[in-house]
Amino acid sequence: MREYIIYEVKNAHQPFVLGRERMLEELLAVEGEESPEVRFLCHEVDPDRVMLQLKHRMGRRFPEVGREGGLLRLHHPVKGTIRIGFGDYSLTARCEGTRMLDLDLFAGLSGLSGGYFAVRGGSGECGWLKPVKFWENGVGTSRQLCGNSSI
C-alpha cells in the first residue's frame, strides 16, 4: 500500500514554494496540516466539492466509485483500490494495487487544480502533481508561474 498526503498550494504562494519543495516536505512531515505555515500556504479542503469533482473525472475509469464511511473509494477490478480521506487542509490517498492507480489519482487531481503537491508517507518523496511551467522574459529565466498549464 502506498500513502500520499496531498495539499493544494494557493496560486499566490506557488512561486514561493517553487525550489523549496524539500523544505515544504520537511515542514509537513514534522508539523502536518496543523502548522500555521500550511494554513497560510494551502487551501482548505472542501470534501464534498472534491468528492463530486473526482467522481465526475474518474468515474469513467473506475467501475466502482462511492463512499466507504467518510472516505471516497475508487475501485478497478484489475488495478486495485484508492481510498481518499479528507483533513482540513489535506487529502490522504491510500493506493492498494498497481502503480497505475497512482497515475490515475494524480491525473484526476491535476485536472482539478494545478496547485496540488503530494508527499509520499515515510519515503521522502514529494512533488507537484502537475508540472509547473516557466518562461524566459528576455532578460533571464523568470520564476513566475505561467498559468495552470503543464509542460
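Because the structure is predicted, anything quoted here is derived from the model rather than measured. Values below: all heavy atoms of this structure, side chains included; hydrogens, waters and symmetry mates excluded.
Shown here are the ring pair (Phe, Tyr, Trp, His ring centres under 6.0 Å) partners of H13, two or more places apart in sequence or in another chain: F40. Scored by the side chain to side chain contact (heavy atoms under 4.5 Å, CB included) test, P77 finds P63 as partners (sequence neighbours excluded). For Y7, there are no side chain to side chain donor-acceptor pair (under 3.5 Å) partners two or more places apart in sequence or in a different chain.
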Solution key, residues 51-62 side-chain donor-acceptor pairs under 3.5 Å, sequence neighbours excluded:
unit_1	atom_1	unit_2	atom_2	d
Q53	OE1	R49	NH1	2.9
R57	NE	G108	O	3.2

Please list, one pair per line, the donor and acceptor atoms closer than 3.5 Å that link side chains of residues 83-93 to other protein atoms, with sequence neighbours excluded.
unit_1	atom_1	unit_2	atom_2	d
R83	NE	E68	OE2	2.6
R83	NH1	E96	OE2	3.3
S90	OG	E33	OE1	2.6

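Note: the hydrophobic cluster containing L112 also contains L72 (ILVMFWY, side chain heavy atoms under 4.5 Å, direct or indirect links).
Not a single donor-acceptor pair under 3.5 Å links the side chain of R94 to the backbone N or O of T81. Between the E25 side chain and the M23 main chain, no donor and acceptor come within less than 3.5 Å of each other.
Taking every heavy atom of both residues into account, P15 and N11 meet most closely at CD-O, 3.6 Å. The nearest pair of heavy atoms linking Y116 to I6 is CD2-CG2, 3.5 Å.
Note: F106 CZ to L101 CG = 10.5 Å, rounded to the nearest 0.5 Å. Interatomic distance, L41 CG to K10 NZ, rounded to the nearest 0.5 Å: 8.0 Å.
Counting Ile, Leu, Val, Met, Phe, Trp and Tyr side chains that sit under 4.5 Å apart, directly or through other members, L103 shares a hydrophobic cluster with M100.
No cation-pi contact links R2 to Y4, judged by a cut-off of 6.0 Å to the six-membered ring centre and 45° from its axis.
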* Would you check, one step at a time, whether the test side-chain contact (heavy atoms from CB on, under 4.5 Å) holds for L74 with D104? => CA-CA 10 Å; L74 305 154; D104 287 339; over 6 Å; no

* Chi angles and distances behind the side-chain contact (heavy atoms from CB on, under 4.5 Å) call for C95, L105 -> CA-CA 9 Å; C95 301; L105 172 66; 4.2 Å; yes

* **Verdict with reasoning, W128 to L18, per side-chain contact (heavy atoms from CB on, under 4.5 Å)** => CA-CA 10 Å; W128 298 98; L18 291 172; 3.6 Å; yes

